[in-house]
Visitor: 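Quick one: structure below, then a few questions.
To find a chain, count down the sequence lines: A is the first, B the second, and so on, and within it residues start at 1.
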There are 2 protein chains.
Amino acid sequence: MADNTSYSAQSITVLEGLEPVRKRPGMYIGGTGVDGLHHLIWEILDNSVDEALAGFATRIDITFNEDGSVSVLDDGRGIPVEVHPQTKKSTLETVLTVLHAGGKFGDGGYKVSGGLHGVGSSVVNALSTKLIAEVYLDGKVHRQEYSRGVPTTEVVVTGETKARGTQITFYPDAEIFTTTEFNWNTVLDRCRQQSYLTRGLTIHLEDKRKPETPQSYTFYFESGIEAYVRHIDANKTELFSPPVSIEKDVDGCIIALAMTYTTDFSEHVYTFANNILTIDGGTHLTGFRAAHTRAINDYAKKSGLIREGDGSLTGDDVREGLTAVISVKLGNPQFEGQTKGKLGNPEIRSLIEGVVYEGLTEYLNEHPNEAKKIIEKVALAARARAAARAARETIIRKGALEGMTLPGKLADCTE
Amino acid sequence: MADNTSYSAQSITVLEGLEPVRKRPGMYIGGTGVDGLHHLIWEILDNSVDEALAGFATRIDITFNEDGSVSVLDDGRGIPVEVHPQTKKSTLETVLTVLHAGGKFGDGGYKVSGGLHGVGSSVVNALSTKLIAEVYLDGKVHRQEYSRGVPTTEVVVTGETKARGTQITFYPDAEIFTTTEFNWNTVLDRCRQQSYLTRGLTIHLEDKRKPETPQSYTFYFESGIEAYVRHIDANKTELFSPPVSIEKDVDGCIIALAMTYTTDFSEHVYTFANNILTIDGGTHLTGFRAAHTRAINDYAKKSGLIREGDGSLTGDDVREGLTAVISVKLGNPQFEGQTKGKLGNPEIRSLIEGVVYEGLTEYLNEHPNEAKKIIEKVALAARARAAARAARETIIRKGALEGMTLPGKLADCTE
DNA sequence: GTTAAC
DNA sequence: GTTAAC
DNA sequence: CTGCTT
DNA sequence: AAGCAG
Ligand SMILES: Nc1ncnc2c1ncn2[C@@H]1O[C@H](COP(=O)(O)OP(=O)(O)OP(=O)(O)O)[C@@H](O)[C@H]1O
Ligand SMILES: Nc1ncnc2c1ncn2[C@@H]1O[C@H](COP(=O)(O)OP(=O)(O)OP(=O)(O)O)[C@@H](O)[C@H]1O
């Protein structure tokens, strides 16, 4: 057994301020690769989107600067700059240097917001060699700079402005990240997506990194997630258009769904909770799936398009070729982990299931042509799946006896 | 546009102490359902296991008490109780009430440890209506109690003892969790698993919740992950036994693998990093998979068991029926998120890939009988997969033209 | 979780 | 309205 | 009943 | 691929 005389108070370290973020970035942004790097933008962008969701911002500008930094500017309310009662420091500095400081714990004027932990801005600050925060408020430009989370200036007024809003410019720390080069297409996609999700929001993205080949893009959509579905299907053939569109407000929780089918076989479903892309799904996705599968099965049987005795379509069957975007807005989101990959609120499952079942059933009843196309598509998927399974089992049964060969001329079942 | 006059310093809240944990449990334990509940045990258990990994503890006792609480006792070094220089409070109180306080940031005598954030104990404390910490040190019993993360007593000496170690007893907060009833089998499984992973560690689990039907179990394994594989395969038929066993120390990183195949078709692979079950895998799993697929393909071709022109076995093919346990121990683990579901260290991927490729190739060369069984198994899987795909495509091609019916008599390809 | 039956 | 089944 | 988990 | 959970 090893020596234990040295285990004492001195062995225990208390990480202070933003130290834990730099020491354990994985806990805060998942990793230090290219995904973690882009998380920095998402954290700042999400704050601006939250302002837009709350009705305070209408425009967001993201700029890749020539010096490798990124700027995110919005015309929201601007982070307050006056002294904060708890920290006795500027509220701006508080938000950017103190973990769990935020306006999304009940007050702050955000009815629904993607942010909820109050750590995003601080995390970005901690992981940037330099960060410049500018707040445009009351005709003045308030500015503070930081380095690796530590203020290098006070909050100072550097000029006058007619604008209102916030701009964050940050330089990702190469000591932390394996790469510090942002990907244009990744960010472009995200901007497009956020623009689809928030009616009336303008997002402008500009790449100034190579002055000889500048690029920029502006997104503004009125049509919402139906247009998003159309964009996802851009290089595919849709079975019908416009997509099924369901939007409903239940107890202050807004549920929106747009879906259609394409002629191909892969599933493209994107789920959002308060505009956060929940890449691992969660209760909203589970609820949608249950309702979708059940509604199609019920309709298929009731309408006689498939026979009662034929067995049910599986979830996989009805999802083949499906394109869908689901966006829920709710007051108290619970996400799994700081990276918000999965929505946890258990009540959302049944809420969505109810809304989607009702809405989809109604759609199918009122659109017999589209319904027929859907049922044909998913019934074919079911037959294909059954045939594949049967073929597989034949081989397994036979092969268990005989010897082996690889594909090539295992033509047993091909024709 | 909504009113913005009220957005000011007062709108921003700074959560202090353990408030953020209670306000946003999802960020710290993933959720508040049954999984989140059990996370509490894992956090405390992992601390004891870390003591065992460091060679200071040999025995852990977990008890489900009649009053609904859980106790975890170990014979490790005991959390220090003297005043901590940074907080001016007892180190015990510091560890249990301050986030990011821990002995696993470089000092503390832990060479490898599953803990790394310094938040686990505090999180459990925050989410418990009551927590009792007892430290057995220098012949004395030191004790402190807390309620929802707030100390309700000082650290007091309550008696004498010959033992050394730590015991944490906690009462999960029904205000936080949707259920507060621990699952015997879930915890039993985890104890068994940890015992397999740590040679020479005894883990005792006891259920005193129903005095009329007490149950208890003691785990102690010398054989390690090979025995774990055998246990996973308990109700299955293994193609060969003992399993392939690889263990290697590369630059202070210990890589251990045990694997075999069963006659069934599902894959059972469990990966661990510093004894943490990485449920979403990560770089160790990725490295293993790459090496495994390549080693089997290379051997199959080189040995002539499958022909050169037959195409390659896919990863899915070679994983059908695979049972494996992978355990890596490394100095500076990076996990994705606080719940540690995925290992992030990029260097581990190639490290494992090299070790596994070499070890598995050697095994195959030295065990031609086992090798033959493996190749037969995976080649059959490949043929079955190809046949399934072919059958599926036949249906799709035909079905695109004809009408629809569901399974039932789509016997096209079954015989 | 929803729906059907008692 | 509550309980059992899907 | 459908989906998620091991 | 089977059992549990919502
Ligand atoms: N662009 C902005 N405009 C107005 N207020 C902002 C802006 N960015 C941040 N804030 C304020 O600062 C607070 C802290 O932001 P921060 O990014 O740290 O966390 P959050 O958005 O509350 O939560 P999360 O960590 O989940 O993203 C926010 O709650 C908001 O009140
Ligand atoms: N049973 C124990 N025996 C000895 N020391 C312990 C024990 N439990 C906790 N400690 C000490 O308290 C510190 C803090 O523990 P805590 O659970 O908060 O975090 P951690 O294990 O360091 O990291 P993580 O949050 O990733 O689990 C540990 O680093 C360790 O030094």
Visitor: Output every pair passing salt bridge (charged side-chain N to carboxylate O under 4.0 Å, His left out) with a member in residues 338-354 of chain A, not counting sequence neighbours, ordered by first then second residue.
Guide: R294(A)-E353(A), R349(A)-E353(A)
Visitor: With Y299(A), which residues qualify under ring pair (Phe, Tyr, Trp, His ring centres under 6.0 Å), at least two apart?
Guide: none
Visitor: Please tabulate, for the side chains in residues 359-367 of chain A, all donor-acceptor contacts under 3.5 angstrom to protein atoms that are two or more places apart in sequence or on a different chain.
Guide:
from, atom 1, to, atom 2, distance (Å)
T361(A), OG1, Y357(A), O, 2.6
N365(A), ND2, T361(A), O, 3.2
H367(A), ND1, Y363(A), O, 2.9

Visitor: When the distance from CG of N297(A) to C1' of dT2(E) is rounded to whole Å, what number comes out?
Guide: 10 Å
Visitor: Rounded to the nearest Å, what distance is computed from the NE2 atom of residue H292(A) to the P atom of nucleotide dT2(E)?
Guide: 12 Å
Visitor: Residues in salt bridge (charged side-chain N to carboxylate O under 4.0 Å, His left out) with R24(B), at least two apart?
Guide: none
Visitor: List the residues meeting salt bridge (charged side-chain N to carboxylate O under 4.0 Å, His left out) with D316(B), not counting sequence neighbours, and say none if there are none.
Guide: R319(B)
Visitor: For nucleotides 4-6 of chain E, give me every protein contact, N/O to N/O, under 3.5 Å, one pair per line with atom names.
Guide:
from, atom 1, to, atom 2, distance (Å)
dC4(E), OP1, T286(A), OG1, 3.4
dC4(E), OP2, R289(A), NH1, 3.2
dT6(E), O3', Y270(B), OH, 3.0

Visitor: In whole angstrom, give the distance that lies between atom CG of D298(A) and atom P of dG1(C).
Guide: 18 Å
Visitor: With sequence neighbours left out, write down each residue that passes ring pair (Phe, Tyr, Trp, His ring centres under 6.0 Å) with H292(B), or none if nothing qualifies.
Guide: F288(B)
Visitor: Rounding to a whole Å, what distance do you find between I296(A):CD1 and dT2(E):P?
Guide: 12 Å
Visitor: To the nearest angstrom, how far is L351(A) atom CG from dG1(C) atom P?
Guide: 11 Å
Visitor: Among residues at least two apart in sequence or on other chains, which ones pass ring pair (Phe, Tyr, Trp, His ring centres under 6.0 Å) with F219(B)?
Guide: Y217(B)
Visitor: To the nearest Å, give me how far apart CZ (R392(A)) and C1' (dA1(F)) are.
Guide: 10 Å
Visitor: Would you confirm whether T32(B), through its side chain, and T178(B), through its main-chain N or O, come within 3.5 Å as a donor-acceptor pair?
Guide: no
Visitor: Please give the distance between the P atoms of dT3(C) and dA2(F) as a whole number of Å.
Guide: 28 Å
Visitor: Round to the nearest Å and state the distance from Y357(A) atom OH to dT3(C) atom C1'.
Guide: 10 Å
Visitor: Output a table of nitrogen or oxygen pairs between the protein and nucleotides 4-6 of chain F separated by less than 3.5 Å.
Guide:
none

Visitor: Take atom CD of E353(A) and atom P of dT2(E), then tell me their distance rounded to the nearest Å.
Guide: 10 Å
